[in-house]
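Numbered from 1 within each chain, the chains take letters A, B, ... in sequence-line order.
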There are 2 protein chains.
Amino acid sequence: MSQARIAIEKMKQSGMRVTKQRRALVAYLDKSGRFVPVTQLDRYMRSQYPGLSHDTIYRNVKAFEQLGILESDVENEQAIVKLQCDFQHPHHHHFICTNCHRVQEVKMCPLEYFEDQLPGAKIASHNFELYGLCAECAQKLGR
Amino acid sequence: MSQARIAIEKMKQSGMRVTKQRRALVAYLDKSGRFVPVTQLDRYMRSQYPGLSHDTIYRNVKAFEQLGILESDVENEQAIVKLQCDFQHPHHHHFICTNCHRVQEVKMCPLEYFEDQLPGAKIASHNFELYGLCAECAQKLGR
DNA sequence: CGTTTTAATCGGACTGATTACGATTTAATT
DNA sequence: AATTAAATCGTAATCAGTCCGATTAAAACG
């Protein structure tokens with residue numbers, strides 16, 4: 001089942017209405033498959049669907065995020081988004097290729113390692129990304 | 001030697017001019033000691049030094065970052081900055097208390113752990129922060 | 001189906017952070 | 001003290017993101 005399908009499913013389950021604007025947004029994000037700057041999403045969607053408003057795009061990006069069907073991040077001071085890649089394991093981390101912007105999941109190393117360094121502290125959340133060249137790009141670029 | 005002193009020293013060494021605006025910025029960041037939203041830095045400095053322009057503040061934040069005397073991050077979609085806390089070990093990571101916003105350094109767990117998960121990829125950089133309550137706040141708030 | 005309800009969209013104006021730039025000042029050098 | 005190039009100022013512009021009242025259209029229901 002495609003991620004787009006799952007995303008639409010989740011929208012229905014939550015009582016959120018499935019509008020054609022939302023279908024189009026999800027379809028684009030699904031097709032892209034990787035992180036996309038929100039500004040690019042906005043520009044592209046508005047070029048494809050004249051009359052579509054900024055409001056609709058930004059409002060839905062937030063709604064999708066809260067629903068858990070979209071992940072957002074920041075790269076080079078730019079907000080970037082992608083469809084949630086693993087609905088089974090919402091908590092995971094990414095290796096982001098700086099060449100092709102494709103995303104691979106990685107498992108986090110044990111948090112206990114850090115807890116030992118911060119006696120008494122209550123770690124509530126964390127934030128982790130790896131950047132570099134994916135195997136394919138590394139080979140292609142000969143590095 | 002204070003961090004402000006070291007920062008000024010680095011400015012001189014790099015050939016960057018030490019203006020009173022830059023001294024004031026560094027002094028404020030040093031006194032604060034923790035991450036501060038850039039917008040707050042801008043508002044505060046302009047209230048203390050009438051005539052100071054946005055341009056000067058934002059330009060210098062970038063210059064300081066490039067010089068390696070300032071670290072920037074993003075929290076709640078807000079750009080935040082602080083003086084570099086460990087000039088000896090520029091590569092380190094932070095635990096940021098969500099209550100008092102104080103920062104503690106942590107050692108990174110071995111990157112090899114992740115390299116094993118991404119055969120062929122060239123990891124170039126990473127990004128890691130921990131959030132939660134520091135020991136002091138955890139006790140104070142009884143959690 | 002049609003009707004109804006109300007969430008979602010539209011459009012356009014607005015806000016707030018950040019940048020651009022020509023004119024002016026000033027830190028550092030001699 | 002004079003020089004000069006870097007830094008600052010002031011103002012305007014840009015750009016991402018938000019707000020809001022009027023309109024449209026999903027979904028539910030008879």
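Whole-Å rounding puts the Met45(A) CE to dC10(C) C1' distance at 15 Å. For Gln66(B) and dA7(D), the CD to P distance is 12 Å, given to the nearest whole Å. Counting to the nearest Å, the P atom of dA17(C) and the CD atom of Gln40(B) are 12 Å from each other. Remark: P of dC10(C) and CD1 of Ile57(A) are 9 Å apart, rounded to the nearest angstrom. When the P atom of dG12(C) is taken as reference, atom CZ of Arg46(A) falls 10 Å away, rounded to whole Å. Spacing between atom CG of Asn60(A) and atom P of dC19(D) amounts to 15 Å, rounded to whole angstrom units. In this structure, CD of Gln78(B) is placed 13 Å from P of dT18(D), rounded to the nearest angstrom. Atom CD of Glu77(B) is separated from atom C1' of dT18(D) by 12 Å (rounded to the nearest Å).
The OH atom of Tyr131(A) lies 11.5 Å from the NE2 atom of His126(B); values are rounded to the nearest 0.5 Å. Here Leu130(A) contributes atom CG and Ile96(A) contributes atom CD1; the two are 9.0 Å apart, rounded to the nearest 0.5 Å. Considering CD of Gln21(B) and OG of Ser53(B), their distance stands at 8.5 Å, rounded to 0.5 Å.
Phosphate proximity of dA7(D) to Arg59(B): absent, as no side-chain N or O sits under 4.0 Å from OP1 or OP2. Considering only side-chain N and O atoms, Tyr58(B) lies under 4.0 angstrom from the phosphate OP1 or OP2 of dT18(C). Close to dT9(C), at under 4.0 Å from its OP1 or OP2, lies a side-chain N or O of Arg22(A).
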For this session: Heavy atoms under 4.0 Å is the rule here; annotate nucleotides 20-30 of chain C 5' to 3' with B where the base is hit, S where only the sugar-phosphate is, and - elsewhere.
Result: BB----BBS--
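No option in Lys10(B), Met11(B), Gln84(B) other than Met11(B) meets the side chain to side chain contact (heavy atoms under 4.5 Å, CB included) test with Phe64(B).
Within the structure, the salt bridge (Lys or Arg N to Asp or Glu O under 4.0 Å) test picks out no pair touching residues 22-33 of chain B (sequence neighbours left out).
Side-chain N/O atoms of Thr56(B) and Arg59(B) include a donor and acceptor closer than 3.5 Å.
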Exercise. Which is it for Leu70(B) and Lys82(B) under the side-chain contact (heavy atoms from CB on, under 4.5 Å) test, yes or no, and what are the steps along the way?
Worked result: CA-CA 6 Å; Leu70(B) 177 147; Lys82(B) 70 187 279 298; over 6 Å; no
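Checking Pro50(B) against Val38(A), the closest nucleotide of DNA chain D that is more toward the 5' end is the one next to Pro50(B).
Of the possible donor and acceptor atoms, one in the side chain of Gln117(B) sits under 3.5 Å from a partner among the backbone N and O of Lys107(A). Distance alone, capped at 3.5 Å, places no donor-acceptor pair between the Arg34(B) side chain and the Val103(B) backbone.
Nucleic acid contact for Asp42(B): none, since no nucleic acid atom lies under 4.0 Å from a heavy atom of the residue.
One end of the helix from dC1(C)-dG30(D) to dT30(C)-dA1(D) points its axis 40° away from the other end's axis, with each axis taken from 5 pairs and the angle rounded to 10°.
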